[in-house]
Q: 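Before we start, here is the structure in question, set down as structure tokens.
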Amino acid sequence: ESMQHSSIEEWSLGFCFGAGLAEDEWQPLLDEEEGQFMFMAIMSGSDDEMREDMAKEGIDLVRHDNDVAEKLPELVLEIRDFFRENSETSRSKHQLH
């Protein structure tokens, strides 16, 4: 019995694949609780184990996916801002004032 495909599955797969290509660069985000939460939300669209666990917990996957899909634009901007702020602080550390 296969898990039902989600509306955000392909997007989520692509995102996770891309992040996996640069694991070290993504680590700072995953070191933050909020970052972990955002990443897991995106991952939950395509990770079979997570989806099985959610289904077992009685979570409506279709509703879950719709919720995540709605939040995606916000999540992506938050992730972008996180990296922007991080790169600025690391840049300023290396600059002589």
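No hydrogens, no waters, no symmetry mates; every other heavy atom, side chains included, goes into these values. Given the structure is predicted, the values throughout are model-derived calculations rather than measurements.
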Q: With rounding to the nearest 0.5 Å, note down the distance linking CH2 in W11 to SG in C16.
A: 8.5 Å
Q: Provide the full list of side chain to side chain donor-acceptor pair (under 3.5 Å) pairs with a residue in residues 67-83, sequence neighbours left out, each pair given once.
A: none
Q: Output yes when a side-chain donor or acceptor of S87 lies under 3.5 Å from a complementary backbone atom of F83, and no otherwise.
A: yes
Q: Residues two or more places apart in sequence or in another chain: which of them pass side-chain contact (heavy atoms from CB on, under 4.5 Å) with S44?
A: M50, M54, H64, V68
Q: Rounded to the nearest 0.5 Å, what's the gap from CG on D47 to OG on S12? Could you check?
A: 8.0 Å
Q: Among Ile, Leu, Val, Met, Phe, Trp and Tyr joined by side-chain contacts under 4.5 Å, find the other residues sharing a cluster with L13 and list them by chain and number.
A: none
Q: Are L72 and I59 co-members of a hydrophobic cluster defined by side-chain heavy atoms under 4.5 Å apart?
A: no
Q: Does one hydrophobic cluster hold both I42 and L61, with members joined at side-chain heavy-atom distances below 4.5 Å?
A: no
Q: So, for S7 and D65, which heavy atoms are closest and what is the spacing to 0.1 Å?
A: OG-CB, 3.7 Å
Q: Tell me which donor-acceptor pairs under 3.5 Å the side chains of residues 24-40 have, and how far apart each pair is, sequence neighbours excluded?
A:
| residue | atom | partner | partner atom | Å |
| --- | --- | --- | --- | --- |
| Q27 | NE2 | D31 | OD1 | 2.9 |
| Q36 | NE2 | L30 | O | 2.8 |

Q: Quick check: closest heavy atoms across D60 and V62, and the distance to 0.1 Å?
A: OD1-N, 3.0 Å
Q: In Å and rounded to the nearest 0.5 Å, what is the CD to CE distance from E49 to M43?
A: 8.5 Å
